[in-house]
Amino acid sequence: MTKINAPKGFVDILPADSGRWQAVEGVARQVSRLYHFSEIRTPILECTELFHRGVGETSDIVHKETFTFTDRGDESMTMRPEGTAGVVRAAIENNLLAQEGARLKVYYIGPNFRYERPQKGRLRQHHQFGAEAFGIAEPQQDVECILLQLDFYRRCGLKDLSLRLNSLGDGESKARYRRMLQEFFRPMASKLSEDSQRRLEENTLRILDSKDPRDVEARRGVPSAYEALSPRSRSHFDRVQQLLSEQKVDFAVDGMLVRGFDYYTDTLWEVTAAGLGSQNAVGGGGRYDNLVEQLGGRPTPGVGFGSGIERLLLALEAQKSVPAEASAPLFYLISHGPAAADANFVLMQELRHAGLVADMDLSGRSVKAQFKIADREQAAFCLIRGDSELAEKTILLKSLATGEQRPVPVDRIISELQAMR
RNA sequence: GUGGCCGUAGCUCAGUUGGCAGAGCACAAGGUUGUGGUCCUUGGGGUCGCGGGUUCGAGCCCCGUCGGUCACCCCA
């Protein structure tokens with residue numbers, strides 16, 4: 001039989017790693033609760049139309065990176081490439097934003113799918129912790145989302161991160177800036193990279209964050225987005241910065257920061273971290289005041305972020321602070337002979353019912369082998385029984401840390417163990 | 001979609017001008033007839049990614065292919 005592998009860019013999260021995932025997810029849930037965001041779980045599969053209307057036809061993510069297929073009913077379906085569009089769809093569909101003045105603060109943890117070539121920090125299935133806040137257009141809401149995201153990193157122990165901020169303004173400001181850029185770049189179009197020459201008409205803003213040296217050179221003296229901002233967008237962005245400063249948050253305004261979704265308006269931000277390789281963004285977000293209306297809801301402002309779990313774990317690993325969930329001590333039962341093994345199998349279940357983590361060998365291995373397993377599994381204590389203990393109605397309690405052992409009457413063993421837990 | 005690098009034991013890797021496929025770790029048994037970690041002995045493990053070609057002979061050379069990885073594009 002030929003071996004079957006996971007699809008390219010899809011990876012297993014193995015027992016050796018799942019503790020780290022649980023730790024990080026635990027922090028996400030805890031910090032979300034503190035900021036009074038509630039969990040929402042939306043489907044992984046959505047109608048393709050949602051992402052075309054939401055994320056945008058011209059964005060690369062929808063244009064060439066979606067897992068899209070036709071289902072048995074001839075409907076075009078797409079594995080979600082990001083979290084926001086589905087959340088907005090769900091909020092509209094379930095009338096969570098139907099009332100005037102409706103507010104909604106939600107978070108999610110789950111997988112996203114993008115058909116790309118894998119590299120360090122990039123997979124075809126990756127996981128994000130994200131949060132979205134609807135109904136508040138004030139800059140305070142942008143800042144609350146940023147603070148939530150940074151607090152998440154802080155509680156995970158992530159150091160060495162930097163927050164970059166930009167504003168492309170509302171729809172009119174964005175269109176104005178786009179025209180300014182086209183006028184700026186057109187006279188020197190031939191000096192741009194091939195990609196950027198194409199972008200000039202289709203996706204002008206993207207020229208700003210190109211890494212190609214020719215583009216870096218060409219955009220010297222390029223007008224900043226701030227110049228194109230409407231007075232309202234300008235004061236919104238100023239206020240966001242002011243509020244962040246009041247919170248003593250370090251940030252840098254980066255006029256070259258552009259993000260991949262078409263729906264962003266006004267504020268957008270990105271957090272980068274050390275140790276991630278070339279793909280160094282650990283999370284990013286922004287405001288999307290037109291998205292709810294675009295997807296058929298009542299006009300409702302929104303702002304939120306998404307943060308990559310894999311990249312966070314990579315960054316934590318690089319800085320050598322590996323999160324781990326505190327684990328309860330393991331009690332490993334050791335049997336000499338089949339009669340003791342039978343008795344221990346019964347006792348093991350009593351330990352578990354008493355809330356103690358217990359395990360034992362079920363394959364009749366030698367006592368020595370059982371001890372080796374207990375050691376490998378990092379058991380805290382061994383409970384040892386043979387014929388003589390059975391006769392005396394005792395069991396030996398041995399600490400694997402100190403090597404000390406003493407007999408304990410079987411009918412008192414559970415209360416003894418609970419006392420030292 | 002494009003480019004660089006890498007595929008040999010469960011893991012990390014050696015393998016000389018083409019000449020009997022190896023080491024360390026891990027795993028198993030024993031040293032100790034009822035006691036782990038350290039130590040010693042022994043043992044099981046291989047389609048050298050796959051398919052062709054050159055050759056008396058290929059892990060090694062050539063062609064193709066698949067997979068992995070890093071980078072570009074783009075993004076978490």
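These numbers come from the heavy atoms of this one structure, side chains and all, not from hydrogens, waters or symmetry mates. Order of the sequence lines sets the chain letters (A, B, ...), proteins ahead of strands, with each chain counted from 1.
- Between A/Gln119 and B/U69, a side-chain N or O to OP1/OP2 separation shorter than 4.0 Å is absent.
- For the P atom pair drawn from B/U12 and B/G7, the interatomic distance equals 12 Å after rounding to whole Å.
- In this structure, A/Arg259 reaches the sugar-phosphate backbone alone: every heavy-atom distance under 4.0 Å involves primed, P, OP1 or OP2 atoms, never a base.
- A/Ser233 and A/Asp266 form a side-chain donor-acceptor contact under 3.5 Å, judged by distance and modelled atom types alone.
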Seminar exercise, completed: Parsed dot-bracket for RNA chain B after applying the Watson-Crick and G-U rules with both distances under 3.5 Å and | for other-strand partners is (((((((..((((.....[..)))).(((((.......))))).....(((((..]....))))))))))))....
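- Within the 4.0 Å cut-off from OP1 or OP2 of B/C70, not a single side-chain nitrogen or oxygen of A/Arg122 is found.
- Contacts of A/Ile334 with the nucleic acid, taken as non-hydrogen atoms under 4.0 Å apart, are absent.
- Relative orientation of the A/Phe261 and A/Tyr263 rings is parallel, given thresholds of 30° and 60° on the angle between their planes.
- Residue contacts for A/Glu389: at a heavy-atom cut-off of 4.0 Å it reaches a base atom on one of the strands shown.
- Across B/G34, B/G36, B/A71, the shortest atom-to-atom separation from the side chain of A/Lys120 is found for B/A71.
- Using a 4.0 Å heavy-atom distance criterion, A/Gln405 is classed as a base contact.
- Dashed line: the shortest gap from a side-chain N or O of A/Arg376 to OP1 or OP2 of B/A26 is not under 4.0 Å.
- For the contact set between residues 263-282 of chain A and RNA chain B, defined by any heavy atom under 4.0 Å, the members are A/Gly277, A/Ser278, A/Gln279, A/Ala281, A/Val282.
- Relative orientation of the A/Phe113 and A/Phe67 rings is perpendicular, given thresholds of 30° and 60° on the angle between their planes.
- Toward the 5' end of RNA chain B, the nearer of the two residues A/Ser366 and A/Gln125, judged by each one's closest nucleotide, is A/Ser366.
- Taking the six-membered ring for Trp and the full ring otherwise, A/Tyr332 and A/Phe371 have centroids separated by 6.0 Å or more.
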For this session: For each nucleotide in nucleotides 2-13 of chain B, reading 5' to 3', give B when a protein heavy atom comes within less than 4.0 Å of its base, S when such contact involves only the sugar-phosphate, and - otherwise.
Result: BB----------
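- At the heavy-atom level, A/Gly130 lies nowhere under 4.0 Å from the strands shown.
- Contacts between residues 304-317 of chain A and RNA chain B, defined by a heavy-atom separation under 4.0 Å, are made by A/Gly308, A/Arg311.
- A/Asp375 contributes a side-chain N or O that forms a donor-acceptor pair with the base of B/G36 under 3.5 Å.
- More than 12 heavy atoms of other residues, nucleotides or ligands shown are found within 6.0 angstrom of CD on A/Glu39.
- Within 4.0 Å (heavy atoms only), A/Arg365 reaches sugar-phosphate atoms of the nucleic acid but no base atom.
- Across all strands shown, A/Ser210 has no heavy atoms under 4.0 Å from either base or sugar-phosphate atoms.
- The six-membered or imidazole ring of A/Phe152 lies near that of A/Phe129, with a centre-to-centre distance under 6.0 Å.
- Checking A/Ser307 against A/Tyr153 by side-chain atom types alone, a donor-acceptor pair falls below 3.5 Å.
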Give the table of side-chain donor-acceptor pairs shorter than 3.5 Å for residues 214-222 of chain A, with sequence neighbours excluded, one pair per line with atom names and distance.
residue: A/Arg214; atom: NE; partner: A/Asp212; partner atom: OD1; Å: 3.1
residue: A/Arg214; atom: NH1; partner: A/Glu194; partner atom: OE2; Å: 3.4
residue: A/Arg214; atom: NH2; partner: A/Glu194; partner atom: OE1; Å: 3.3
residue: A/Arg214; atom: NH2; partner: A/Asp212; partner atom: OD2; Å: 3.0
residue: A/Asp215; atom: OD1; partner: A/Ser193; partner atom: N; Å: 2.9
residue: A/Asp215; atom: OD1; partner: A/Ser193; partner atom: OG; Å: 3.4
residue: A/Asp215; atom: OD1; partner: A/Ser196; partner atom: OG; Å: 3.4
residue: A/Asp215; atom: OD2; partner: A/Ser193; partner atom: OG; Å: 2.7
residue: A/Asp215; atom: OD2; partner: A/Ser196; partner atom: OG; Å: 2.7
residue: A/Asp215; atom: OD2; partner: A/Ser210; partner atom: OG; Å: 2.6
residue: A/Arg219; atom: NE; partner: A/Leu208; partner atom: O; Å: 3.3
residue: A/Arg219; atom: NH1; partner: A/Ile207; partner atom: O; Å: 3.1
residue: A/Arg219; atom: NH1; partner: A/Leu208; partner atom: O; Å: 3.0
residue: A/Arg219; atom: NH1; partner: A/Ser210; partner atom: O; Å: 3.2
residue: A/Arg219; atom: NH2; partner: A/Ser210; partner atom: O; Å: 3.4

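- Annotation: the span from A/Arg20 atom CZ to A/Cys156 atom SG amounts to 13.5 Å, rounded to 0.5 Å.
- Across all strands, A/Lys398 comes closer than 4.0 Å to base atoms (heavy-atom distances).
- The separation of B/A26 from B/C11, taken at their C1' atoms, amounts to 7 Å, rounded to a whole angstrom.
- A/Tyr115 comes within 4.0 angstrom of no nucleic acid atom, judged by non-hydrogen atoms across all strands.
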Any protein N or O atoms within reach of nucleotides 39-45 of chain B? Criterion: under 3.5 Å, listing atom names and distances.
none

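- Figure legend: A/Arg124 and A/Tyr115 shown as a cation-pi pair, the cationic atom lying under 6.0 angstrom from the six-membered ring centre and within 45 degrees of its axis.
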